[in-house]
Amino acid sequence: MVAIGHLVGYVIGTVDLVGIFGPSYGDTQFKKLILLAAFALVFTVAVTSWAVTEKVLVSGRDDHVPSKGLTQIVSHIFKAATTLPPRIQAICNIQLWSGIGWFPFMFYSTTFVGEIYFRYDAPQDFKQSKDALGEIGRIGSFSLVLFSLVTFVGALIIPLFVKSPDEENFTARPPAAIAGVVTKVNKYKPDLLTAWIYGHLLFSSAMILAPMAHSFRFATFLVTLCGVPWVFASWAPNTFMGIEVNRMSNSPSRRLSTSSPLELASLEKGGSSTDPASSGELSGLYFGILNIYAVIPQFISTFISMIVFNILEPGKSPELAHDADPSEHHSTDGPNAIAVCLFIGAVSTIGAAFATKRLRALHREGYEKL
């Protein structure tokens with residue numbers, strides 16, 4: 001569903017919205033896109049709020065116990081984040097390294113492809129467009145349409161060729177007629193962690209080539225290729241975090257062997273690992289921490305990008321700032337700053353591959369102890 005949403009959004013980005021709807025409520029492509037995105041967000045949230053009903057939580061705790069204040073909540077999250085169980089810490093480390101790689105891609109890939117087109121492929125009359133930013137957005141959105149299409153198809157097909165984490169303790173019993181074929185195929189299926197490592201390496205291989213992109217077609221190919229590793233980046237972190245939360249919630253002995261000091265203290269106070277409220281609390285806590293590790297890379301990537309742009313492309317863009325004096329434009333002879341940011345992200349994603357390898361080792365150790 002997320003892939004479908006991306007696909008629809010990027011297709012809209014390739015359309016000349018100003019030409020269709022006129023200059024009212026936004027006289028540029030970007031303003032129109034923001035307006036449509038705002039309406040879509042309000043509509044989808046409204047539908048979700050109307051259609052989804054939640055179970056009323058009846059707390060079994062003493063009603064006389066005072067509720068936690070903001071300081072206590074922050075302190076609780078901080079203690080949990082600094083005393084994570086090994087496998088959960090490994091998942092968060094992967095999210096951190098991977099996020100530093102993916103954030104520049106998601107933020108700059110449209111502009112990257114559009115700038116490559118303007119610099120190397122666009123005819124001269126096209127470069128004189130009054131809405132250069134909109135033209136770059138439309139050209140770049142086409143590459144992201146292909147990226148989303150690959151992601152959508154991959155989300156449907158790739159799970160068929162990857163061993164689910166549940167298969168570690170599950171014996172398949174296919175119909176006798178196809179049992180031989182299924183057994184042979186399953187024999188060569190990689191597990192999700194191994195496939196995730198390959199996904200990191202595929203993304204790194206593509207983005208390492210970004211500074212060498214001197215044609216619109218090659219830049220589009222690199223962006224499109226990243227649709228495959230994005231399937232794993234969207235699928236794997238939440239999957240393994242859910243596995244760890246369920247494991248700690250449903251097995252007291254296993255939880256004692258993998259829990260952080262914070263959780264052990266909770267158990268010592270009489271908390272039950274099988275209590276639904278406890279399970280929900282663990283889920284909210286650890287998925288919240290995972291989201292923190294997903295947000296931190298945005299700050300790191302933005303800081304790195306600021307340095308790269310200040311060094312490689314100081315001044316104004318010759319593709320966008322047509323009204324500026326030519327002396328204020330930065331040179332286009334050197335390496336593309338966005339491509340360098342993508343290259344740095346590729347190096348970071350190699351770190352994510354090593355972190356995923358570490359998680360795979362921890363998982364194997366855990367299964368050996370069972």
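Note that the structure is a prediction, hence the values are computed from the model and not measured. The chain is numbered in sequence order, starting from 1.
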Q) Atom OG1 in Thr349, atom CZ in Phe203: separation rounded to 0.5 Å? A) 4.5 Å
Q. Going hydrophobic residue to hydrophobic residue with side-chain gaps under 4.5 angstrom, can you get from Val245 over to Ile289?
A. yes
Q) In this structure, are over 12 heavy atoms from other groups packed under 6.0 Å from Tyr198 atom OH? A) no
Q. Which distance, rounded to the nearest 0.5 Å, do you find between the CZ of Phe142 and the OG1 of Thr224?
A. 7.5 Å
Q. Tell me, do Arg358 and Asn93 make a side-chain contact under 4.5 Å, heavy atoms counted?
A. no
Q) Who passes side chain to side chain contact (heavy atoms under 4.5 Å, CB included) against Phe152, sequence neighbours left out? A) Ala3, Ile4, Leu156
Q. Shared ILVMFWY cluster between Phe354 and Ile88, side chains joined below 4.5 angstrom?
A. no
Q. Going only through I, L, V, M, F, W and Y residues with side-chain contacts under 4.5 Å, is there a path from Met106 to Met306?
A. yes
Q. What do the steps show when you test Ile139 against Ile116 for side-chain contact (heavy atoms from CB on, under 4.5 Å), and what is the final call?
A. CA-CA 10 Å; Ile139 293 295; Ile116 293 295; over 6 Å; no
Q) So, do Phe299 and Thr302 sit near enough that their side-chain heavy atoms are less than 4.5 Å apart? A) no
Q. Who passes side chain to side chain contact (heavy atoms under 4.5 Å, CB included) against Leu201, sequence neighbours left out?
A. Ile197, Ala353
Q) Do Thr44 side-chain atoms and Leu41 backbone N/O form a donor-acceptor pair below 3.5 Å? A) yes
Q | Any residue meeting side chain to side chain contact (heavy atoms under 4.5 Å, CB included) with Val308, in chain and number order, not counting sequence neighbours | A | Ile304, Leu312, Ala337, Val340, Cys341, Ile344
Q: For the residue pair Phe221 and Leu146, establish whether any side-chain heavy-atom pair is separated by less than 4.5 Å.
A: no
Q: Look at the side chain of Ser75 and the backbone N and O of Thr71, then say whether any donor-acceptor pair between them is shorter than 3.5 Å.
A: no
Which atom pairs, donor and acceptor, lie under 3.5 Å between side-chain atoms of residues 97-105 and protein residues at least two apart or in another chain?
none

Q) Is Val347 reachable from Leu96 through a run of hydrophobic residues whose side-chain heavy atoms are each under 4.5 Å from the next? A) no
**Q.** Thr151 side-chain N/O to Gly227 backbone N/O, donor-acceptor pair under 3.5 Å
**A.** yes
(Q) Within this structure, what is the CD-CZ distance for the pair Gln298 and Phe107, rounded to the nearest 0.5 Å? (A) 9.5 Å
**Q.** Contact summary for Ser141 and Thr110, nearest pair of heavy atoms
**A.** N-CG2, 3.8 Å
Q. Would you say Phe343 and Ile307 are hydrophobically clustered, going by side-chain heavy atoms of ILVMFWY under 4.5 Å?
A. no
Q) So, do Phe39 and Val42 sit near enough that their side-chain heavy atoms are less than 4.5 Å apart? A) no
**Q.** For Asn238, all residues meeting side chain to side chain contact (heavy atoms under 4.5 Å, CB included), sequence neighbours excluded
**A.** Phe287, Leu290
Q: Could you walk me through whether Arg119 and Asn336 pass side-chain contact (heavy atoms from CB on, under 4.5 Å), step by step?
A: CA-CA 10 Å; Arg119 291 187 184 185; Asn336 184 294; 3.8 Å; yes
Q | Spacing of CG belonging to Leu33 relative to NZ belonging to Lys31, to within rounding of 0.5 Å | A | 12.5 Å
Q: Decide yes or no for Tyr108 and Ser305: does some side-chain heavy atom of the first lie under 4.5 Å from some side-chain heavy atom of the second?
A: yes
Q) Does the side chain of Tyr117 come within less than 4.5 Å of Val113's, by heavy atoms? A) no
**Q.** Interatomic distance, Ser204 atom OG to Leu209 atom CG [nearest 0.5 angstrom]
**A.** 11.0 Å
Q) Any idea which heavy atoms bring Ile91 and Pro237 closest together, and the distance? A) CG2-O, 4.1 Å
Q. Below 4.5 Å, heavy atoms only, C-beta onward: do Phe216 and Ser143 meet side chain to side chain?
A. no
(Q) Is any side-chain heavy atom of Ile94 closer than 4.5 Å to one of Phe240? (A) no
(Q) Please enumerate all residues that pass salt bridge (Lys or Arg N to Asp or Glu O under 4.0 Å) together with Lys357, with sequence neighbours excluded. (A) none
